[in-house]
Amino acid sequence: MLNLETKVEELTSVGKTAASHLKRLGIETVAHLIAWYPFRYDDFSQLKDIRDLKAGEIATVQGKIELLATKRSPRKKMMITECFLSDDTGSIKAIWFGQKYITKVLENNDSVFFSGKIDGDLFDHYFQNPSFEKVSDDTAHTARIVPIYPLTYGLTQKQIRFLVKHSLVNIKLNEDWLGEDIKKEYNLIDLDQAIHNIHFPDDLKELYKAKRRLKFGELLEFHLQNYLVKKDLEKALAIPLTFNELETKKIVNSLGFTLTDAQKKCTWQILQDMTLKKPMNRLLEGDVGSGKTVVAALPIANAALNGYQTALLAPTEILAFQHFESLKEIFKTVDLNIALLTRTKQLITNTKNQEVEKITKGKLLKKINSKEIDLVIGTHAVIQDKVEFNNLALVIIDEQHRFGVAQRKAIRDKSGDKNTTPHLLSMTATPIPRTLALTLYGDLDISIINELPPGRKKPETTLVDKRDRNKSYKFIEQEILKGRQAFVICPLIDESDKLGVKAVTEEYKRLSEKVFPNLKVGLLHGKLKTQAKEDVMKEMSENKINILVATSVIEVGVNIPNANVMIIESAERFGLAQLHQFRGRINRSTHQAYCYLFSDNINEKTFTRLKTLTECFDGFKLAEVDLKLRGSGNMSGTRQSGLFNNFRIANFNDVELIAETKKAADSISTNDPQLINYPEIKEAAKEIHPE
Ligand code: ADP
Ligand code: MG
């Protein structure tokens with residue numbers, strides 16, 4: 001018998017390599033395996049007579065194997081396996097390429113199901129590479145609605161299906177955490193049935209019910225956790241911070257540009273919130289390049305002028321460093337001590353004299369604790385490490401969204417005053433509609449920067465056939481002659497090349513040696529040492545690098561206003577929202593921006609998808625289109641919008657279900673304010689991790 005904690009290595013047929021591939025998907029236990037939901041299904045549930053098969057269709061038949069044989073293809077050196085499958089109405093040939101093992105698992109006269117595509121023409125057709133399975137009432141790969149899973153290099157659909165099936169058959173699941181009354185009221189099936197049917201539904205109706213139940217569970221859990229956060233915050237007190245008009249104006253006047261009306265409005269809303277005794281809980285939404293950093297800077301200055309500390313958290317070290325640099329500049333008219341604190345690097349500076357000093361972690365922690373530092377910029381290490389603030393009154397989180405009960409508590413414990421909770425501002429470029437946000441986060445206030453700084457032109461976005469890439473290279477050269485800079489983004493090509501290091505390094509070599517031997521080409525990827533990353537970014541921002549070849553590490557936040565051209569290699573591998581984020585890197589000044597989407601693998605679907613990007617510049621619309629076209633679920637290689645990090649199956653298209661579950665959560669919390677009947681929720685709420 002298995003249990004949820006059983007390690008995948010302990011399952012029969014999972015060897016060391018398979019286990020390491022599974023691990024790459026985050027699947028380490030049986031629990032992970034059964035929660036690895038399919039992202040789509042092939043409906044092979046209707047059996048056909050062989051006589052009725054037509055070329056071009058996808059079908060399932062049942063029959064007997066005859067004339068099974070393997071031979072070597074004359075031209076290519078590939079093994080071809082062939083057989084005939086016969087039923088009472090006729091027979092059809094099946095061909096597999098390069099799958100020698102088939103003769104080991106199938107024999108003549110076996111009774112099997114074949115599912116797959118029928119190839120050929122009117123006169124002669126055959127199954128090409130069909131899935132097959134011996135006849136039984138309990139199939140996994142054929143003659144049913146077959147689950148298709150997000151995969152990674154080295155794993156097959158068959159393997160995952162087998163493992164999921166094996167787990168489902170041999171496990172006894174925990175008792176359903178939803179009570180009978182709720183299930184009845186909201187028309188929900190039992191959890192174990194839903195988990196079984198999300199993988200192996202007998203028909204589409206069952207699948208629908210399974211999805212509904214699982215989505216309902218996720219959303220309800222989410223609402224109940226929010227309820228706990230809210231309850232926790234209702235009692236909470238914050239330090240009221242007064243608005244220092246004089247100094248704020250000084251900073252604004254020294255910026256070198258005028259704030260947009262939207263920036264002014266948002267700043268004002270934030271500063272107002274901070275004057276209250278109740279902790280601010282505000283989300284600042286603004287498309288890429290809309291200027292969120294300054295809007296965050298002014299509240300930081302005000303907290304410092306009131307004599308209180310701020311923590312600014314960024315998702316990556318590069319971003320943290322960049323914030324350090326830009327805030328140093330923004331605060332040049334005030335006298336603030338700013339620190340950078342990441343796992344590998346600690347810096348301090350005073351904004352009056354602008355000199356940056358390296359410092360040991362121990363010394364920095366002391367300075368933070370003694371209030372010498374007004375602003376600590378860093379990654380999540382800042383709140384997870386041994387940092388003890390003296391009087392932290394404001395926390396700002398950039399490009400990351402969810403803050404659970406646990407983080408709120410952790411921060412309060414580090415803030416230097418356990419009786420108060422710091423004001424919280426989250427910033428994101430991921431657009432969510434206001435009504436949805438309100439249902440999701442009841443007490444969350446939202447500010448939206450709904451305009452870009454003046455003079456920004458829409459990046460001209462072009463889909464380029466790879467054969468035409470030289471034209472784009474010529475164009476880049478011209479722009480560089482005019483003084484501009486460019487980015488080249490490379491995706492992960494080889495899935496085993498986890499961080500895309502190999503792909504990007506090869507492209508870097510090619511571009512620097514062959515294509516642009518006379519230009520300065522730089523390389524940036526996640527595996528570089530922190531110092532190396534910073535050096536590259538610094539050279540880039542000083543225009544000492546003409547072209548930066550990078551992985552998706554530069555996706556969020558990177559700010560090089562002088563860069564106006566971008567090439568995205570194998571653009572079809574990215575989601576639209578992500579491509580839009582990339583494109584946001586080159587739309588940060590008044591220079592016309594140009595984005596070239598290179599794609600070697602264009603079919604009609606990818607063409608339509610990428611075409612949307614050339615016509616639409618609205619991040620929110622693109623996120624919606626993306627969801628519709630690619631579906632949700634944790635597809636490998638795609639990132640879910642950060643707001644929905646904890647969701648495996650629900651997404652923000654489930655508008656009705658979000659409202660329905662909100663109602664359910666409200667009635668549960670009214671009847672059971674301590675959530676005594678939901679101990680798991682409390683546990684889970686403690687465990688939510690921001691990263
Ligand atoms: P994001 O919202 O993506 O974080 P940033 O804060 O990085 O955007 O700002 C993008 C660029 O726009 C920066 O170079 C910043 O200095 C500049 N910027 C911000 N606000 C304005 C403005 N009102 N007018 C002109 N440039 C601005
Ligand atoms: Mg930003």
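Both ligands and their constituent atoms are indexed starting at 1 by order of listing.
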### Query
Between M427 and ligand 1, which part of the residue brings a heavy atom under 4.0 Å of the ligand: side chain, backbone, both or neither?
neither

### Query
Is a donor on one side and an acceptor on the other found under 3.5 Å between the side chain of E479 and the backbone of Q485?
no

### Task
Enumerate the atoms of ligand 1 whose separation from the nearest heavy atom of G289 is less than 4.0 angstrom.
1 (P), 2 (O), 3 (O), 8 (O)

### Task
Examine the proximity of ligand 1 to N559 and report which part, side chain or backbone, both or neither, has a heavy atom under 4.0 Å away.
side chain

### Task
Using a strict 4.0 Å cut-off to heavy atoms of T293, name the atoms of ligand 1 that fall inside it.
4 (O), 5 (P), 6 (O), 7 (O)

### Query
Is it the side chain, the backbone, both or neither of T258 that has a heavy atom closer than 4.0 Å to ligand 1?
backbone

### Message
Taking only non-hydrogen atoms of R456, do any sit less than 4.0 angstrom from ligand 1?
### Response
yes

### Message
Could you check whether K345 pairs with E534 (Lys NZ or Arg NE/NH1/NH2 to Asp/Glu carboxylate O, under 4.0 Å)?
### Response
yes

### Query
How does S290 reach ligand 1, by side chain, by backbone, by both or by neither, if only non-hydrogen atoms under 4.0 Å count?
both

### Query
Side chains of D445 and N281: do they bring a donor and an acceptor to under 3.5 Å?
no

### T260: numbered ligand 1 atoms lying under 4.0 Å from its heavy atoms
23 (N)

### Query
Is V288 close to ligand 1, meaning an N/O of one under 3.5 Å from an N/O of the other?
no

### Query
Do side-chain atoms of Q309 reach the backbone of N390 as a donor and acceptor pair under 3.5 angstrom?
yes

### Query
How about E317 and T530: does a side-chain donor come under 3.5 Å of a side-chain acceptor?
yes

#### Entry: Pair K520 + E539: basic N to acidic O under 4.0 Å
yes

### Message
One thing to verify: whether E477 and K474 come together as a salt bridge, which I'm taking to mean a side-chain N less than 4.0 angstrom from a carboxylate O.
### Response
no

### Task
Apply side chain to side chain contact (heavy atoms under 4.5 Å, CB included) to A571 and list each qualifying residue two or more places apart in sequence or on a separate chain.
I568, L579, L597, L610

### Summary
Here the atoms of ligand 1 under 4.0 Å from any heavy atom belonging to P561 are 14 (O)

### Message
Using heavy-atom distances only, which candidate in S326, G291, P454 approaches atom 8 (O) of ligand 1 most closely?
### Response
G291

